[in-house]
**Student:** 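First the structure, which I've put down as structure tokens, then a few questions once you've had a look.
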Amino acid sequence: MSFGSLSVKGRALRYLAQREHSRAELERKLARHVQDTDNTSAQALIATALDELAAHGLISEARVAESVLASQASRYGTRRLKQTLQAKGLAPALVASTLQQVRGTELERARELWRRRFGKAPADVAEWARQMRFLAGRGFEGEVIRRVVRGLDEDPDL
């Protein structure tokens, strides 16, 4: 079993040097490079290498979640962040606690993103729909989108 010139652990370290990776992400990436017909021994080799890296504190699910928030929270809503965190294979409890950190700022983040992208209220129905689709595509909740596009400040009843 070889990775060309890199060992399993070496390749994992190279991935970790680029950015934080969850264990599930590393397993997927490393499995693509294993050149062996025996799938169980390949998985065991990968698991052993990742266990060793985790024991040294080089793999941290919490750091992965923090990294996602730091890099994406200003551009995406809670729904999109949830998808990203789940795709990284993070534990549901960690995903929930991470999202709890940004829920309170969803309206402010959506407003700031809307200001940067559009900056003015929609002139017609087509523009209104376009602005709403943009924010929906970024993963913001429907009520937040309506409040931002309508220009509502703090009155949730409107």
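When reading the values below, keep in mind they use all heavy atoms of this one structure, side chains included, and skip hydrogens, waters and symmetry mates. These numbers were taken from a predicted model, which means no experiment stands behind them.
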**Student:** If I compare all heavy atoms of A62 with all of L94, which pair ends up nearest, and what's the gap?
**Tutor:**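 Where A62 meets L94 most closely, the heavy atoms are N-CD2, 4.0 Å.
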**Student:** Answer yes or no: is there a side-chain heavy-atom contact under 4.5 Å between L113 and S74?
**Tutor:**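 The answer is no, as the side chains (C-beta and beyond) never meet within the 4.5 Å cut-off.
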**Student:** Indicate the atoms forming the closest heavy-atom contact of A24 with G89, along with that distance.
**Tutor:**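 Heavy atoms of A24 and G89 come nearest at CB-CA, 4.0 Å.
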**Student:** Measure across L50 and A12 and return the closest heavy-atom pair with its distance rounded to 0.1 Å.
**Tutor:**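 For L50 and A12, the tightest heavy-atom pair comes out as CD2-CB, 4.2 Å.
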**Student:** With a 4.5 Å limit on heavy-atom distance, are the side chains of R63 and V68 in contact?
**Tutor:**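 Side chain of R63 against side chain of V68, heavy atoms only: no contact under 4.5 Å found.
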**Student:** Parallel, tilted or perpendicular: which fits the ring planes of Y15 and H21, with parallel below 30° and perpendicular above 60°?
**Tutor:**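 Taking H21 first and then Y15, their aromatic rings sit tilted (interplane angle of 30° to 60°).
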**Student:** CD of E25 to CG of L16: how many Å apart, nearest 0.5 Å?
**Tutor:**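 It comes to 9.5 Å.
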**Student:** So do the side chains of R103 and L99 get within less than 4.5 Å of each other, counting heavy atoms only?
**Tutor:**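 Sidechains of L99 and R103: in contact.
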**Student:** Measuring from L45:CG to L30:CG, what's the distance to the nearest 0.5 Å?
**Tutor:**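 Between atom CG of L45 and atom CG of L30 there are 9.0 Å.
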**Student:** To the nearest 0.5 Å, what is the distance between CG on L53 and CG on L26?
**Tutor:**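 Taking CG in L53 and CG in L26, the distance rounds to 8.0 Å.
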**Student:** I want to know whether F140 and Y76 have ring centres closer than 6.0 Å.
**Tutor:**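 No, the ring of F140 stays outside the 6.0 Å limit from the ring of Y76, centre to centre.
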**Student:** How long is the straight-line distance from CD of E27 back to OG of S22, given to the nearest 0.5 Å?
**Tutor:**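 Going from OG on S22 over to CD on E27, the span is 8.5 Å.
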**Student:** So, for A136 and R79, which heavy atoms are closest and what is the spacing to 0.1 Å?
**Tutor:**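 That closest heavy-atom pairing would be O-NH2, 3.3 Å.
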**Student:** Quick one: pull up CZ in R117 and CG in L135 and give me the separation to the nearest 0.5 Å.
**Tutor:**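 R117 atom CZ to L135 atom CG measures 9.5 Å (nearest 0.5 Å).
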**Student:** Give, for atom CD of E52 and atom CG of L58, the distance between the pair rounded to the nearest 0.5 Å.
**Tutor:**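 Answer rounded to 0.5 Å: 9.5 Å.
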**Student:** Quick check on the hydrophobic clustering: are I59 and V64 connected, directly or via other members, by side-chain heavy-atom contacts under 4.5 Å?
**Tutor:**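 Shared cluster, no.
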**Student:** Under 4.5 Å between any side-chain heavy atoms of V144 and R147, yes or no?
**Tutor:**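 SC-SC contact between V144 and R147 ruled out.
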**Student:** Less than 4.5 Å apart, side chain to side chain, heavy atoms only: is that true for R109 and V102?
**Tutor:**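 In short, these two side chains touch, coming nearer than 4.5 Å.
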**Student:** Please name all residues satisfying salt bridge (Lys or Arg N to Asp or Glu O under 4.0 Å) with R130, sequence neighbours left out, ordered by chain then number.
**Tutor:**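 Checked R130 against salt bridge (Lys or Arg N to Asp or Glu O under 4.0 Å); matches are E127.
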**Student:** Which heavy atom in L85 sits nearest to a heavy atom in A65, and how many Å separate them?
**Tutor:**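 The answer is CD2-CA, 3.9 Å.
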**Student:** Can you check whether R75 reaches R80 side chain to side chain, under 4.5 Å on heavy atoms?
**Tutor:**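 In short, these two side chains do not touch, never coming nearer than 4.5 Å.
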**Student:** Can you confirm whether F134 sits close enough to W114 that some side-chain heavy atom of one is under 4.5 Å from a side-chain heavy atom of the other?
**Tutor:**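 A side-chain contact under 4.5 Å is absent here.
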**Student:** Using the rule given for salt bridge (charged side-chain N to carboxylate O under 4.0 Å, His left out), can you reason through R111 versus E108, listing the C-alpha separation, both sets of side-chain angles and the distance that settles it, and then say yes or no?
**Tutor:** CA-CA 5 Å; R111 276 194 186 123; E108 296 148 24; over 6 Å; no
**Student:** Looking at every heavy atom in both V148 and A110, which two are closest together, and how far apart are they?
**Tutor:**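 Result for this residue pair: CG2-CB, 3.8 Å.
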**Student:** Are R23 and D51 side-chain neighbours, meaning at least one heavy-atom pair lies under 4.5 Å?
**Tutor:**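 Result yes, sub-4.5 Å side-chain heavy-atom pair found.
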